[in-house]
Each structure stands twice: as C-alpha cells, then as structure tokens.
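Report on the following structure.
Chain A is the first sequence line, chain B the second, and so forth, proteins listed ahead of strands; every chain is numbered from 1.
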Amino acid sequence: MAPAPPRRAADRLVLGCDLAATALFALEGATAGVHAHLDVFGVLVVAFATALGGGIVRDVILGATPPASFAYARYPLTAFVAGFLVFLFAGPVRDIPTDVIVTLDAAGLALFAVSGARKALDYELNWLSAILMGVLTGVGGGVIRDLLLNRVPGVLVIDVYASAALVGAAAMVLASRRGMGAAQAMVVGGVLCFALRMVAYLAHWNLPTGGF
Amino acid sequence: MAPAPPRRAADRLVLGCDLAATALFALEGATAGVHAHLDVFGVLVVAFATALGGGIVRDVILGATPPASFAYARYPLTAFVAGFLVFLFAGPVRDIPTDVIVTLDAAGLALFAVSGARKALDYELNWLSAILMGVLTGVGGGVIRDLLLNRVPGVLVIDVYASAALVGAAAMVLASRRGMGAAQAMVVGGVLCFALRMVAYLAHWNLPTGGF
Amino acid sequence: MAPAPPRRAADRLVLGCDLAATALFALEGATAGVHAHLDVFGVLVVAFATALGGGIVRDVILGATPPASFAYARYPLTAFVAGFLVFLFAGPVRDIPTDVIVTLDAAGLALFAVSGARKALDYELNWLSAILMGVLTGVGGGVIRDLLLNRVPGVLVIDVYASAALVGAAAMVLASRRGMGAAQAMVVGGVLCFALRMVAYLAHWNLPTGGF
C-alpha cells in the first residue's frame with residue numbers, strides 16, 4: 001500500500017503529458033492539413049491522426065485495447081478542438097514564428113516519448129521495445145500525417161528529431177531500471193529529449209546519410 | 001431472456017450489412033486497381049483492402065481479434081469473388097453509369113457507418129469514439145486503397161462523404177442512447193447517411209477549405 | 001506428453017525461420033533506404049519495418065500482443081544490426097549481384113510465408129485466413145517499406161512474388177489439414193514457394209493485368 005502515492009503521481013503526470021502534447025501535435029497536424037488544401041473534415045482527420053496516431057498504434061501493439069485515445073473522449077475532443085481552431089484561424093496560426101512552433105513541438109515530442117516508453121514498461125515490455133514504443137509514440141503521428149498527405153515521412157529524411165525521442169526514451173528506461181522513481185525518470189528523459197532536439201535545431205545538426 | 005429476439009435481429013442486420021457492403025466496396029476497389037494497371041494479385045489485394053480494411057482496423061482497435069474479416073472466411077471470399085469478377089469484366093464494369101456507382105457506394109457507406117458504430121457500442125465505447133468507429137469503418141478501406149495507390153486519400157479532399165458517415169453514425173448513436181432499439185436506430189442512421197450523401201452528390205455540395 | 005518433441009521441433013523451426021528471414025529482409029530494406037538518401041535513423045526504421053512489419057501486423061490481427069517482434073529483443077536487434085551494417089558498407093552491398101539478392105529474398109519470402117501461416121493455424125484461424133496471414137507475413141514488410149518511401153507497393157505491380165507466397169502458404173495449410181506434421185508441412189510449403197519464385201524470376205513470368 002505504501003508505494004501507491006508515487007505511482008499515482010506518475011499516472012497523473014502521464015495523463016497531463018498526453019493531453020498537453022495532444023493539443024500541440026493536433027495544432028501542427030491541422031496546419032499541415034490547411035496547407036495541403038484539405039476541407040474541414042480532412043483537417044480534423046489529420047489533426048487527430050497527428051496527435052493520437054502514434055499512441056493508438058502503441059496501444060494496439062501493447063494489447064491495451066481500446067486505446068486510450070478511444071477509451072476516453074477527452075483525447076479526440078482535445079485534438080478536434082485544436083484542429084478546428086487552426087481551421088478557423090489559419091492566418092494568425094501561419095504568423096506564429098517558426099522558433100515558437102519548433103520549441104512547442106520539441107516539448108510535445110519529449111512528453112510523448114517518455115510517456116510512451118513508460119506505458120510500455122508498465123506492460124512489462126523489454127528495455128529495447130520500451131524505447132521503441134517511446135519513439136513510436138513520439139513520431140508515429142507525424143509519420144501517419146505524412147503518409148496521408150502523400151509524402152515521404154519527414155522524420156526519415158530530416159535532422160535530429162526521432163533520435164532525440166530515442167535518447168530521451170532510452171534515458172527514461174535506463175533510469176527506471178536503475179531504480180529511479182517513475183515520475184523522476186520521466187522528467188530526466190523528457191528534459192534530455194527536449195534539450196537535444198533544441199540544440200540540434202539551433203545548431204543545424206544533421207544525421208549522416210549513407211552513400212552509394 | 002425476453003430481450004433476446006430484438007438483439008438477434010440486430011445481429012442479423014449487422015451481418016447482412018457487412019456482406020452486402022463488402023461486395024460493393026470490393027467492386028469499387030478492384031476497379032481502381034484495374035485503372036492503376038495492377039496485376040490480378042494487386043487487384044484482389046486492393047479489393048480486399050477497400051472492402052475490409054476499415055472493419056479490420058476497427059476490430060483491432062476494439063480488441064475484437066481476430067477481426068471478423070479473418071474469423072469468418074465468408075468476408076475475404078466475398079471480396080475476392082467481387083474483385084475477380086471486376087478483373088475479368090473490366091470493360092462492362094467501366095460502362096456502369098457513374099450515378100449507379102455513386103448510389104450503390106452511398107448505400108455501402110451507410111451500411112458500414114452504422115454497423116461500425118453499432119459494434120463499437122456493443123464493446124461499450126463512449127459515444128464520441130463509437131461515432132469515430134462508424135466513420136472509420138465507412139471510409140477506412142478507401143483511405144487504405146488510396147495509400148496503396150500512392151495518392152492523397154480522396155476522402156480528405158473531396159466533397160461530402162466522410163461527413164455523411166459521421167452524421168449517420170452520430171444519429172445512430174444518439175438514437176440508441178435515447179432508448180431506440182438497435183435495429184431501428186441503425187435504419188435511422190443509415191437512411192440519414194445515404195440521403196445526405198446523395199443530396200450532396202446531386203447538388204454538388206462541398207465542405208469549406210481553410211485558406212492561408 | 002509423448003507428442004511434445006515434434007511440436008518443439010516445429011517451434012524451433014519457426015524461430016530459426018523468423019530470425020534468418022529477419023536479417024535478410026532488414027538488409028534489403030536498409031538498401032532501399034540508403035538508395036532513397038535517408039539518414040541513419042531512417043535506414044534503421046526502414047530495415048525494421050521491412051523485416052518485421054508483416055509479422056507485427058499479423059500478430060496484431062491474431063491478437064498475439066505484444067507481437068513477437070517486441071516481446072523478444074532479438075528481433076529488433078537482428079534488424080537493426082543488419083540495417084546498420086548496410087549503412088556502413090553501402091558500397092560493397094551495392095556490388096552484390098542481383099541474382100544473389102533475389103535468391104536470398106526468395107528464401108526469406110518462403111520462410112516468412114510458411115511461418116506466418118503456421119502461426120495463424122496455431123491461433124485456430126480458418127484455412128483461408130491462415131493462407132492470407134502467410135502472404136501478409138511474407139509481403140507486408142515490403143508494402144510498409146514502399147509506403148514509407150512513397151511509392152506504389154512493388155508487390156502490387158510486379159511479377160510473381162506475392163503469388164509464390166500464396167502458393168507456398170496454401171500448400172502448407174493444405175498439407176497440415178491432411179495430417180502432415182507441422183515441420184514437414186512447412187518444409188513442403190517453403191520449398192514450393194522458393195521454387196516458384198525462382199522459376200518466375202529466371203523465366204520472366206508475369207501475372208496478367210486487366211485492361212480498360
């Protein structure tokens with residue numbers, strides 16, 4: 001009974017992470033949808049898929065069905081409201097500086113990566129798969145968005161993004177295995193992911209590509 | 001014991017809906033496959049994916065595994081037979097008037113949307129997710145078909161289609177929650193979806209797009 | 001107790017098949033990724049998806065969650081190591097003769113097709129769906145690879161490939177239903193798939209396409 005409070009704190013942190021990042025990612029997905037001249041329905045679909053697609057695939061893989069995104073109406077509602085606001089105010093949204101969007105996105109990525117890896121650990125997946133689930137939760141929605149918009153997923157060709165999710169999720173998993181509390185390990189992993197992504201953005205880091 | 005008969009009637013209606021719409025959607029998917037110069041195997045794959053893809057994803061999300069499309073051989077058999085007929089008789093199929101195809105497709109959409117939402121309610125999903133499952137069942141196969149054929153899913157850019165599924169599924173869910181019997185609620189939702197889709201087609205309705 | 005050894009032999013055969021084919025398919029996926037100028041992360045993702053995507057979708061459909069590819073770290077590790085080797089040695093990999101690659105690929109296809117169908121039978125799916133699961137396991141990873149690289153899945157437009165998986169899986173399922181032992185039935189189906197694929201490659205067989 002004693003260890004229950006820390007566990008609940010971690011649960012609340014996971015929930016807060018999920019909802020905040022859901023709104024952020026939905027906003028970005030909807031913006032891509034408006035750019036691609038989708039109708040209002042299409043914009044909402046892309047907002048939904050970008051925000052919740054990664055977590056849905058994660059939950060289906062974990063066998064956690066129905067996924068949290070469907071089990072609780074708050075997730076799709078959050079995504080749809082954020083998507084609809086972008087649809088209504090496309091002009092002002094376009095005027096948001098890129099730096100602000102990249103910063104918020106890095107925060108969302110960090111939140112998704114560590115909460116996704118955390119859930120995989122709760123389902124007793126091995127360390128490697130838990131890290132993969134973190135990466136999937138972080139970048140899966142963006143991949144689905146790009147597939148829907150018929151382009152090569154940006155995460156496969158552009159700079160340090162998925163790798164930041166990988167490092168953050170790995171740090172969280174490692175810290176958890178070495179006995180750190182769930183909430184603290186998530187903070188460590190999340191901060192590391194966010195910092196790495198921002199440094200890479202500001203310093204124009206890129207991963208090497210292979211040559212033929 | 002007393003309420004069993006209405007429940008069984010709804011079950012039979014769901015089964016009939018599924019098989020009829022499966023054949024219709026497989027026919028359309030196969031036609032798109034022949035147009036894209038796929039070989040006979042590719043045509044059957046696209047017929048299968050168009051007809052059953054939405055329901056498979058729905059069942060995986062609901063945790064209803066293996067999905068009905070695999071648990072019962074009648075579903076893939078129906079899709080493959082319809083697809084193979086299109087492959088053999090591509091010429092006559094091309095000559096079917098567009099109005100006929102759109103009308104049959106609207107019927108299939110209505111059937112899938114209400115049966116998908118019904119199944120989600122049977123699995124005790126919340127109202128919003130049940131509506132989303134109806135839309136997914138109705139348009140998911142077409143989205144997968146378009147992804148396989150490497151184009152932006154038509155449902156994201158063209159006129160009132162997914163919205164009709166949305167309205168029909170929502171009407172069904174609302175009617176069920178207000179106490180209407182399952183079979184009747186499905187008829188109400190299905191008729192509404194079909195009517196809305198046909199009016200939109202005949203009157204060239206479109207959804208607004210956002211502007212940058 | 002007596003029948004346990006043959007069962008275990010089949011299990012070991014399934015495991016060996018999976019790991020060998022995983023490495024082969026990851027190598028091919030990574031090669032496609034390097035050709036598409038992906039960064040090292042993208043190459044690993046495509047290697048992973050090509051090698052394990054079909055099996056993951058199969059397991060999700062069967063309700064065997066978490067899929068074997070995540071339940072056991074040896075699968076992703078195998079895929080990542082093979083993918084990373086291709087990334088490091090892209091030049092030498094390019095110089096491997098096409099005939100060698102096609103031959104190894106045919107072996108991998110045969111292994112995946114029969115082990116996928118076998119697993120579906122173990123989950124008591126009907127004969128048709130077991131065959132479909134074999135085809136899905138064999139070609140699913142390649143389809144996901146092509147979707148990620150934004151092209152029409154090759155398996156839908158090119159020569160006898162998926163059909164070979166179909167014939168091999170069907171032979172395995174048929175032999176099993178007629179009482180043949182699991183391991184023997186897998187050998188029969190696998191050899192048939194491999195032989196058909198190689199003959200089709202060497203003799204330039206193609207499937208007919210429909211005409212409009």
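Summarising the geometry, atom CG belonging to C:Asp105 is positioned 10.0 Å from atom CZ belonging to C:Phe194; distances are rounded to the nearest 0.5 Å.
Note on C:Val143, C:Leu147, C:Leu132: by heavy-atom pairs under 4.5 Å with chain B, the leading option is C:Leu132. Chosen from B:Val45, B:Asp59, B:Thr65, the residue pairing most often with chain C at heavy-atom distances under 4.5 Å is B:Thr65.
A donor-acceptor pair is defined here as one N or O able to donate and one able to accept, closer than 3.5 Å; such a pair exists between the side chain of B:Arg197 and the backbone of B:Val160.
No part of B:Leu44 comes within reach of chain C, as not one of its non-hydrogen atoms sits under 4.5 angstrom from that chain. At a 4.5 Å heavy-atom cutoff, the contact between B:Ala71 and chain C is made by backbone atoms alone. Only the backbone of B:Leu149 has a heavy atom closer than 4.5 Å to any heavy atom of chain C.
C:Phe80 is linked by a ring-ring contact (aromatic ring centres under 6.0 Å, His included) to C:Phe48, counting only residues two or more places apart in sequence or in another chain. Partners of C:Asp99 according to the side-chain contact (heavy atoms from CB on, under 4.5 Å) rule, which considers only residues two or more places apart in sequence or in another chain, are C:Tyr201.
With a 4.5 Å cut-off on side-chain heavy atoms, B:Ile61 and B:Arg58 do not count as touching.
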